[in-house]
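Following: one structure in structure tokens, then a few remarks.
Residues: numbered from 1 along the sequence shown. FYI, side chains are in, hydrogens and waters are out, and symmetry mates aren't considered; it's all heavy atoms of this structure. Every number for a ligand or one of its atoms is a count from 1 in the order of the listing.
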Amino acid sequence: MKTIKVSMRFSPDIVTKPLTYHLIKDYDLEVNILNANVGLNKIGQLVADITGEEAKIEEGLKFLKEQGVDIRLFTRSIIWQEEGCVHCGACTAVCPTEALTMDKNSWSLTFNKEKCVVCELCVRTCPIKVMSVSI
Ligand code: SF4
Ligand code: SF4
């Protein structure tokens, strides 16, 4: 089994097609949607973790491409230098997926990497540059 993180961009003419349903049913894949921006007659975007047999993942991605979905695999990740963080919370205000949140008891930052879509907004926002992107 393997898990990949992928961004899928849908043009307005295919945005209402049940493509994730086919990934699950026809390719036996688990699709965990991390972020969705989908509307009728608009370009749609999904960020998801896809888990399954490697060959099935390949087939599923091929199917999506054939349907006209623009696919981007996440090869980079966010690195948080926790020891330098001053827990100001500025990054939580820009994080679109709530990967970055403040613990309400300790008022310290928590980072849930599973939810991160590597949008890099926190990298640009952090005043002391303790967020960076892996190369
Ligand atoms: S903006 Fe930077 S210093 Fe402030 S909580 Fe986020 S990572 Fe820490
Ligand atoms: S890159 Fe930063 S702001 Fe973007 S989703 Fe990941 S943690 Fe949140």
Side-chain angles (χ1 to χ4, degrees):
M1 296 288 267
K2 177 180 176 183
T3 298
I4 60 166
K5 185 174 284 187
V6 62
S7 167
M8 297 170 266
R9 201 169 150 89
F10 305 83
S11 57
D13 55 317
I14 60 170
V15 79
T16 56
K17 285 188 176 179
L19 298 177
T20 50
Y21 165 79
H22 284 292
L23 284 185
I24 296 164
K25 183 172 174 294
D26 301 343
Y27 299 95
D28 200 22
L29 297 174
E30 193 177 300
V31 181
N32 179 24
I33 294 173
L34 304 169
N35 196 31
N37 187 2
V38 179
L40 200 60
N41 298 323
K42 290 182 181 168
I43 289 174
Q45 187 153 20
L46 284 184
V47 176
D49 280 337
I50 298 177
T51 301
E53 298 295 335
E54 192 161 356
K56 293 285 186 186
I57 291 176
E58 296 285 331
E59 287 173 29
L61 293 182
K62 184 166 173 273
F63 162 74
L64 289 178
K65 284 178 190 162
E66 286 168 356
Q67 299 301 312
V69 181
D70 182 24
I71 291 176
R72 183 167 70 94
L73 294 177
F74 286 86
T75 54
R76 307 200 299 170
S77 60
I78 292 295
I79 297 167
W80 174 36
Q81 292 170 263
E82 187 172 353
E83 64 282 1
C85 176
V86 296
H87 304 278
C88 66
C91 53
T92 65
V94 297
C95 181
T97 63
E98 297 186 346
L100 295 165
T101 53
M102 293 300 284
D103 183 302
K104 297 225 169 18
N105 295 316
S106 62
W107 289 105
S108 58
L109 184 71
T110 60
F111 179 28
N112 183 346
K113 280 196 169 198
E114 296 295 308
K115 288 187 171 182
C116 177
V117 296
V118 200
C119 68
E120 301 183 26
L121 289 174
C122 58
V123 176
R124 293 200 283 276
T125 301
C126 179
I128 50 176
K129 308 294 178 206
V130 294
M131 288 293 191
S132 58
V133 188
S134 68
I135 298 171

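Shown in contact with Cys91 at under 4.0 Å from a heavy atom are these atoms of ligand 1, numbered in order with element: 1 (S), 5 (S), 6 (Fe), 7 (S). The Cys126 neighbourhood of ligand 1 comprises atoms 1 (S), 2 (Fe), 3 (S), 7 (S), with distances under 4.0 Å to a heavy atom of that residue.
The protein heavy atom nearest to atom 8 (Fe) of ligand 1 is Cys85 SG, 2.3 Å. Protein heavy atom nearest atom 4 (Fe) of ligand 1, with residue, atom name and distance: Cys88 SG, 2.3 Å.
By the 30° and 60° cut-offs, the orientation of the rings of His87 relative to Trp80 is perpendicular.
Using a 4.0 Å cut-off between heavy atoms, Val130 contacts ligand 1 through its side chain alone, with no backbone atom that close. Only the backbone of Glu120 comes within contact range of ligand 2, with a heavy atom under 4.0 Å; no side-chain atom does. Contact annotation: for Ile128 versus ligand 1, heavy atoms closer than 4.0 Å belong to the side chain alone. The proximity of Leu100 to ligand 2, defined as any non-hydrogen pair under 4.0 Å, is limited to the side chain. Within the 4.0 Å heavy-atom criterion, the part of Val118 lying near ligand 2 is the backbone and not the side chain.
At least one N/O/S atom of Cys116, whether from backbone or side chain, sits less than 2.8 Å from atom 6 (Fe) of ligand 2.
A cation-pi arrangement is present between Arg72 and Phe74, with the terminal nitrogen or guanidinium carbon under 6.0 Å from the aromatic centre and inside a 45° cone about the axis.
At most 12 non-hydrogen atoms from other residues, nucleotides or ligands lie less than 6.0 angstrom from NZ of Lys25.
Put simply, NE2 on His22 and CD on Gln67 are 7.5 Å apart, with the number rounded to the nearest 0.5 Å.
Residue Pro127 places a heavy atom less than 4.0 Å from ligand 1.
For atom 5 (S) of ligand 2, the nearest non-hydrogen atom from the set Leu34, Val117, Thr92 belongs to Val117.
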